[in-house]
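Report on the following structure.
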Amino acid sequence: MASSLLSFLATGNYISSSCRAISNHDIDSCTFGQASFSNKRKSRELSVVSVATDLPLVVKQQPWKVVEKEKKLVAWTSIQQDRWEGELVVEGTIPQWLNGTYLRNGPGLWHLGDYDFRHLFDGYATMVRLNFDNGRLVMGHRQIESDAYKAARKNNKLCYREFSEVPKYDNFLAYIGDLANLFSGASLTDNANTGVVQLGDGRVVCLTETIKGSIVIDPNNLDTLGKFEYSDALGGLVHSAHPIVTESEFLTLLPDLLNPGYLVARMEPGSNERKVIGRVDCRGGPSPGWVHSFPVTEHYVIVPEMPLRYCAQNLLRAEPTPLYKFEWHPESKAYMHVMCKASGKLVASVEVPLFVTFHFINAYEEKDEDGRVTGVIADCCEHNADTTILDKLRLQNLRSWSGEDVLPDARVGRFKIPFDGSPKGELVDALNPSEHGRGMDMCSINPAYLGKKYRYAYACGAQRPCNFPNTLTKIDLKEKKAKNWHDEGAVPSEPFFVARPGATDEDDGVVISMVSDKNGEGYALILNASTFEEIARAKFPYGLPYGLHGCWVPKC
């Protein structure tokens, strides 16, 4: 049966579906150096604008379970209502040049009838929208209307397989039917709760790791417009949740579970057709490593082969294992492959130390004095080859923190991949992990430096003790230092960098995050990216759940 599933995942015939999402975040303070943190806040001018004091777009969610507002952190609590929109009070000053919309996607609804989902990644997707216009800020949120979400609302029960959840079966025949639907892809979720990107042609697409979970939304009102249907015959049921998207192209990885490997594919702006650049065969086994994200340089695609590998048997299980859909195979080793974008040829394939990462930060080419490429540097948020981070993200663990320091260590892991034919590459610390509290994830950079040598990255670090990343961190890879911003008891979302128009310095811009604070509330936060000091915040009408990844849609 497992081999049948592998075959099916490789061929990729499936029935399409749709999805829904949400997110939220918190934070405050900073300093350069040895993970020093401060809660001092500079005085801020109060800029009062028209505020929506009522909730004009509230949709009652019966028969959904109503969650009482907690007096503490709401990051791990379901969204209180289906949608809301209104202008926020701004403390401080939002730069006049910041005009556009920040969109953030993430799981925001973990309750279904009397049933509570178990893992952070299971929640139905919620989009949050921050529209900046000449110093004013309008916030809105709305559920993404995937097939999985709509079916759950209609039937008041789980109807699709989520990250760790499987529908409950009335009888054995129903279970067998679900397995058949799994082979066809029909029972896999389209809950696009992971990321959101703007394609080169302007379309905005929400994504998750199932290919059917690619959903087009309207960035102006967050309406779900429909499925993003690929017009090619590549098939496959899963892909990288984080494609590389620029104005000129869309690059993605498609794992092949039958003949372990990865297809590297490109899609042109305005097209729905993926075209294969080349293929990478896995050097380890028994299946491809998980590829949540991957990096690129100007001329190369880097394909990571992690020993945390897809597992067909775990996909079939009705109850989750500690590693969910994956298995840890240290004996299969770890590798990094480098493919030429132009030719599709493999130019390097090296063994590297074992690693675990969700998110790559950036990559760039190293050159000699004559301008010849001698190797590639690839940076990621690396969890010291510790797979327990997946189980730490169970909602019970996140909600029941007792004050102990239980967050697994993480670092900026730097892969050094030589082009001289060497069989092995290196994996080292890009800076001392104590600079950012030995926590590191949810990263962004100045997009102008994608695939190029860069200096700064923005991520979520840690102030210990904690059970989840709880600071915003600016990494300086040249000075090997970090600035850390912290709001005690709060959880911030991914810090997203937006460059000032016309800027020449890499860190000339702002960093946007959403924060869930310890009082059960939340706010939008804007930091000066250069100084990493707070310049503005705007309180939400109520706390929002934690969110994952976002994108910036410039004002037309």
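When a residue number appears, it is its place in the shown sequence, counting from 1.
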**OP:** Quick one: do I215 and T224 satisfy side-chain contact (heavy atoms from CB on, under 4.5 Å)? Show the steps, please.
**Re:** CA-CA 7 Å; I215 296 178; T224 298; 3.6 Å; yes

**OP:** Apply side-chain contact (heavy atoms from CB on, under 4.5 Å) to the pair L527 and Y458, showing each step before the final yes or no.
**Re:** CA-CA 11 Å; L527 302 179; Y458 309 89; over 6 Å; no

**OP:** Go through the steps for R118 and Q396 under the test side-chain contact (heavy atoms from CB on, under 4.5 Å), then give the verdict.
**Re:** CA-CA 7 Å; R118 288 172 282 198; Q396 179 182 355; over 6 Å; no

Subject >> side-chain contact (heavy atoms from CB on, under 4.5 Å) between Y523 and D487, worked out >> reply: CA-CA 12 Å; Y523 53 93; D487 184 358; 2.5 Å; yes

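The backbone N or O of S164 lies less than 3.5 Å from a partner atom in the side chain of D122, making a donor-acceptor pair. No side-chain donor-acceptor contact under 3.5 Å links E382 to the backbone of A410. T210 places a side-chain N or O within donor-acceptor distance of the main-chain N or O of T189, the cut-off being under 3.5 Å. Of the possible polar contacts, none joining the D441 side chain to the H359 backbone as a donor-acceptor pair under 3.5 Å is found. In this structure a side-chain-to-backbone donor-acceptor pair under 3.5 Å is present from S78 to W110. Between the R129 side chain and the N221 main chain, no donor and acceptor come within less than 3.5 Å of each other. Checked by atom type and distance alone, the side chain of N155 never pairs as donor or acceptor with a backbone atom of K157 at under 3.5 Å. In terms of modelled atom types and a separation under 3.5 Å, the side chain of S513 and the main chain of L525 share no donor-acceptor contact. Remark: the backbone N or O of T388 is paired with a side-chain donor or acceptor of D386 at under 3.5 angstrom. Remark: side-chain polar atoms of Y262 are paired, donor with acceptor, to backbone N or O of G289 under 3.5 angstrom.
Between H119 and Y324, the two ring planes are perpendicular [angle over 60°; tilted spans 30° to 60°]. Between F496 and Y102, the angle of the ring planes lies from 30° to 60°, which puts this pair in the tilted group.
Atom CG of N99 is separated from atom SG of C556 by 12.0 Å, given to the nearest 0.5 angstrom. In this structure, K392 NZ and N397 CG are separated by 6.5 Å, a value rounded to the nearest 0.5 Å. Atom-to-atom distance recorded for N362:CG and N446:CG is 10.0 Å, nearest 0.5 angstrom. In this structure, NE2 in H549 is found 4.0 Å from CE in M442, a value given to the nearest 0.5 Å. Rounded to the nearest 0.5 angstrom, L120 CG and L390 CG are separated by 10.5 Å. Separation of atoms CE (M267) and CZ (R274) is listed at 8.0 Å; rounding is to 0.5 Å.
Between I244 and the choices F294, F250, F360, the side-chain contact (heavy atoms from CB on, under 4.5 Å) rule is met once, by F294. The only member of L225, V245, V196, V216 that meets side-chain contact (heavy atoms from CB on, under 4.5 Å) when paired with V205 is V216.
With sequence neighbours left out, the side chain to side chain donor-acceptor pair (under 3.5 Å) criterion links S231 to no other residue.
Between P167 and L158 the shortest side-chain heavy-atom distance falls below 4.5 Å. Using a 4.5 Å cut-off on side-chain heavy atoms (C-beta onward), V498 and F132 make no contact. A 4.5 Å side-chain heavy-atom check between R309 and P260 finds every atom pair outside the cut-off. Side-chain contact between E249 and L251: present, with at least one pair of heavy atoms (C-beta onward) separated by less than 4.5 Å. Side-chain contact between L395 and D116 is absent, with no heavy-atom pair separated by less than 4.5 Å. By the 4.5 Å heavy-atom criterion applied to side chains, W84 and M139 are counted as neighbours. Counting only heavy atoms from C-beta outward, the side chains of I211 and L254 approach each other to under 4.5 Å. Counting only heavy atoms from C-beta outward, the side chains of H329 and S287 never approach each other to under 4.5 Å.
For I361 against A457, the heavy-atom pair with the smallest separation is CG2-CB, 3.9 Å. Minimum heavy-atom separation, L222 to M127: CD1-O, 3.6 Å. Closest of all the heavy-atom pairs between D256 and L258 is OD1-N, 3.0 Å. Pairing each heavy atom of V291 with each of P255, the nearest pair is CG2-CG, 3.7 Å. When all heavy atoms are compared, the tightest approach of E209 to H292 is OE2-ND1, 2.6 Å. Contact record, P545 with T77: CG-O, 3.2 Å, taken as the closest heavy-atom pair.
If you look at F468 and W76, their ring centroids are closer than 6.0 Å. Checked against the 6.0 Å centroid criterion, the rings of Y542 and F540 do not qualify as a close aromatic pair. Between F497 and W552, the distance from one ring center to the other does not fall under 6.0 angstrom. Taking the centre of each ring, H242 and F358 stay at or above the 6.0 Å mark. Aromatic rings from F117 and F163 are positioned such that their centres are separated by 6.0 Å or more.
No hydrogens or angles considered: a donor-acceptor pair under 3.5 Å links the side chains of T246 and S248.
Atom CD of E273 is surrounded by more than 12 heavy atoms from other residues, nucleotides or ligands within 6.0 Å.
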